[in-house]
Amino acid sequence: MDDTPKPLTSLPTTKVARAARFAKTGLNVGANYVKHYAKRAVGADSPTEDLHAANAAELYGTLSEMKGSVLKVAQMLAMEKNLLPTAYADQFAQAQYQTPPLSGPLVVKTFREAFGRSPFEVFDEFDIEARQAASIGQVHAARKDGRELAVKVQYPGVADSIRSDIRLVKPIALRVLGLDEATVRPYMQEVETRLLEETDYALELRRGQQIAAASAGLAHLQFAQYYPELSAARILTMDWLPGQHMKEFLATNPSQKVRNQLGQALWDFYMFQLNELRQVHADPHPGNFLLTDTDGGTVGVLDFGCVKEIPADVHRLFTALLTPETLADPARLAALLEEGGVLRPDDPAARRAFYVDTMRASLELVGRPFRQPTFDFGDPAYMQSLYALGDDLMQQPELRQQREPRGSEHFIYLNRTYVGLYALLTELRASIRTNSAE
């Protein structure tokens with residue numbers, strides 16, 4: 001049986017069409033629940049895992065067809081393994097690598113709108129079959145003047161649909177989570193801003209060039225050269241980097257020395273971005289890196305669409321929260337938490353004490369790699385502890401009763417970045433020197 005996703009000949013791009021597609025999915029999910037409970041009512045076997053699997057497949061099918069922000073959110077959720085049942089996490093993880101691609105005619109139409117020519121006229125060779133298809137765009141292989149190129153083609157209507165998609169999903173999310181719209185507005189705005197930036201290929205080109213140039217002195221990293229003359233609003237052309245994605249590379253059984261060097265390159269890259277560039281590649285899922293054993297292990301960095309710029313005060317607060325001195329001093333920790341919006345001046349003493357104790361335990365665990373000269377991500381117990389921490393926090397009665405997000409909205413993507421980095425290093429089973437980039 002061929003499991004290759006079938007090409008899409010059209011995308012629902014209008015608000016009405018996308019709302020209708022959501023509604024259809026809701027009906028199908030509801031039907032799955034009816035079947036599940038009807039079987040149980042007559043004593044038939046109907047495991048909850050089967051219900052999750054059916055609904056996850058239905059939901060992922062819809063997200064794959066709709067592309068854009070809704071599929072990007074699914075990709076983000078796949079990285080947060082403690083938030084979703086396994087069936088959903090497994091389905092959504094496909095968004096990191098492969099979703100149904102656009103059909104050839106739609107790709108040609110995009111090129112004609114951008115250049116007035118087909119891709120076969122723009123390049124010496126162009127593979128109309130997408131090599132990879134994800135949430136915002138898909139990648140094609142091409143050749144020009146002897147250069148092997150990767151050509152990213154953005155799906156039609158993605159940028160225009162982001163705001164309407166968020167407005168469509170937000171009431172459902174607020175109702176399910178029991179949150180107030182005014183409270184979550186800064187957080188929703190942060191996510192919307194990052195998603196809109198990912199559709200700006202001119203911005204991605206500039207950031208890719210700037211970060212690659214600034215990181216040129218770091219060892220064992222490789223970046224693509226971009227070609228502005230072969231790029232447009234919805235088309236981005238760059239070098240085709242060698243290498244394999246994480247899963248395929250690890251299947252070659254690389255040595256521990258290679259794993260460590262790859263992990264070191266990733267750690268040094270992120271520490272350099274955090275402390276020197278004050279911005280980070282904020283989409284560290286496995287689909288955005290290519291690994292080789294060249295020179296003992298080299299990481300190719302892909303996709304600078306999601307880059308989080310870090311204000312100076314946020315960088316100071318983030319790094320201060322991770323220091324041993326802060327963890328050892330409750331008064332210092334409380335002051336920093338109040339500065340970051342986690343504590344509020346009108347919080348009762350018991351609530352303040354709860355947040356200080358909870359955050360001290362969380363920061364001790366999350367910041368542990370920063371406070372040791374070396375750290376072995378080869379022990380999966382560390383990531384398991386992080387996921388368990390998330391589960392524990394979600395079950396805390398005090399937090400469940402609060403039903404309100406706290407803390408700076410800037411931490412959404414910072415936290416996502418470092419949990420994603422930790423997950424990559426754990427999958428590599430790398431042992432690293434955490435102070436080597438200082």
Side-chain angles (χ1 to χ4, degrees), residues 79-83 263-264 266-268 270-271 273-275 280 282 284 308 310 313-344 347 349-400 402 405-438:
M79 296 169 62
E80 302 290 343
K81 293 180 174 59
N82 57 306
L83 293 182
Q264 193 69 58
L266 281 167
W267 179 268
D268 291 350
Y270 274 91
M271 292 307 104
Q273 292 177 90
L274 173 68
N275 295 316
V280 291
K308 172 60 185 171
I310 309 167
D313 60 330
V314 174
H315 174 266
R316 178 184 52 76
L317 180 62
F318 181 78
T319 52
L321 283 168
L322 299 176
T323 65
E325 294 79 11
T326 295
L327 295 181
D329 185 346
R332 173 180 167 82
L333 176 58
L336 290 171
L337 292 176
E338 188 163 333
E339 181 183 345
V342 176
L343 291 180
R344 297 171 183 169
D347 281 336
R351 184 175 300 167
R352 289 178 67 87
F354 167 77
Y355 273 114
V356 169
D357 290 343
T358 300
M359 289 302 299
R360 183 194 295 116
S362 300
L363 291 167
E364 190 285 320
L365 182 61
V366 173
R368 197 175 293 171
F370 287 83
R371 295 189 298 273
Q372 299 181 14
T374 62
F375 197 85
D376 183 9
F377 284 94
D379 182 357
Y382 178 66
M383 280 305 291
Q384 290 167 1
S385 296
L386 276 181
Y387 294 138
L389 172 66
D391 286 335
D392 291 344
L393 291 177
M394 291 174 70
Q395 299 306 316
Q396 289 277 4
E398 294 88 345
L399 293 178
R400 293 169 68 89
Q402 286 299 307
R406 291 192 174 210
S408 169
E409 66 273 16
H410 293 288
F411 279 65
I412 294 173
Y413 279 86
L414 273 175
N415 291 342
R416 175 196 179 201
T417 295
Y418 284 93
V419 171
L421 173 62
Y422 289 178
L424 289 173
L425 295 172
T426 299
E427 197 166 355
L428 277 171
R429 300 201 308 272
S431 179
I432 61 168
R433 302 178 308 280
T434 60
N435 61 353
S436 61
E438 293 179 0

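Heavy atoms only: backbone and side chains are in, while hydrogens, waters and symmetry mates are out.
- Remark: the backbone N or O of Glu325 is not paired with any side-chain donor or acceptor of Asp329 at under 3.5 angstrom.
- Checked by atom type and distance alone, the side chain of Thr326 never pairs as donor or acceptor with a backbone atom of Leu322 at under 3.5 Å.
- One finds the CG atom of Leu386 at 4.5 Å from the CG atom of Leu365 (value rounded to the nearest 0.5 Å).
- A salt bridge links Asp357 and Arg360; the closest N-O separation between the charged side-chain nitrogens and carboxylate oxygens is under 4.0 Å.
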| message | Run Val280 and Tyr418 through side-chain contact (heavy atoms from CB on, under 4.5 Å) and show every step you take. | response | CA-CA 10 Å; Val280 291; Tyr418 284 93; 4.2 Å; yes
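- Between Gly263 and Ala430 the shortest heavy-atom distance is CA-CB, 3.9 Å.
- Separating the OG1 atom in Thr319 from the CG atom in Asn275 is a distance of 7.0 Å, to the nearest 0.5 Å.
- The backbone N or O of Arg433 sits less than 3.5 Å from a side-chain atom of Gln264, completing a donor-acceptor pair.
- A pairwise comparison of heavy atoms in Leu317 and Leu336 identifies CD1-O, 3.5 Å as the closest pair.
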| Where do Thr323 and Arg332 land on the side-chain contact (heavy atoms from CB on, under 4.5 Å) test, with the steps shown first? | CA-CA 11 Å; Thr323 65; Arg332 173 180 167 82; 4.2 Å; yes
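- In terms of heavy atoms, Thr434 sits closest to Thr374 at OG1-N, 4.1 Å.
- In this structure, Arg344 CZ and Leu337 CG are separated by 12.5 Å, a value rounded to the nearest 0.5 Å.
- Annotation: side chain of Phe377 is in contact with side chain of Pro369 (closest heavy-atom distance under 4.5 Å).
- Leu274 and Phe370 make their closest contact through CD2-CE2, 4.5 Å (heavy atoms, listed as atom of the first residue, atom of the second, distance).
- Closest of all the heavy-atom pairs between Tyr355 and Leu343 is CB-CD2, 3.5 Å.
- Side chain of Tyr422 to backbone of Val366: a donor-acceptor contact under 3.5 angstrom is found.
- Going from atom OH of Tyr270 over to atom OG1 of Thr417 covers 6.5 Å, rounded to the nearest 0.5 Å.
- Distance check, rounded to the nearest 0.5 Å: NZ of Lys308 to NE2 of His410 gives 4.5 Å.
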| field | side-chain contact (heavy atoms from CB on, under 4.5 Å) between Tyr382 and Phe375, worked out | value | CA-CA 10 Å; Tyr382 178 66; Phe375 197 85; 3.8 Å; yes
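- Between the CG atom in Leu421 and the CD atom in Gln273 there is a gap of 9.5 Å [rounded to 0.5 Å].
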| said: Please evaluate residues Phe411 and Leu321 with respect to the criterion side-chain contact (heavy atoms from CB on, under 4.5 Å), reporting the C-alpha separation (whole Å), side-chain torsions for both, the decisive distance (0.1 Å), and the verdict. | reply: CA-CA 12 Å; Phe411 279 65; Leu321 283 168; 4.2 Å; yes
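- Counting all heavy atoms, side chain and backbone alike, His315 lies closest to Ile310 at N-CG2, 3.7 Å.
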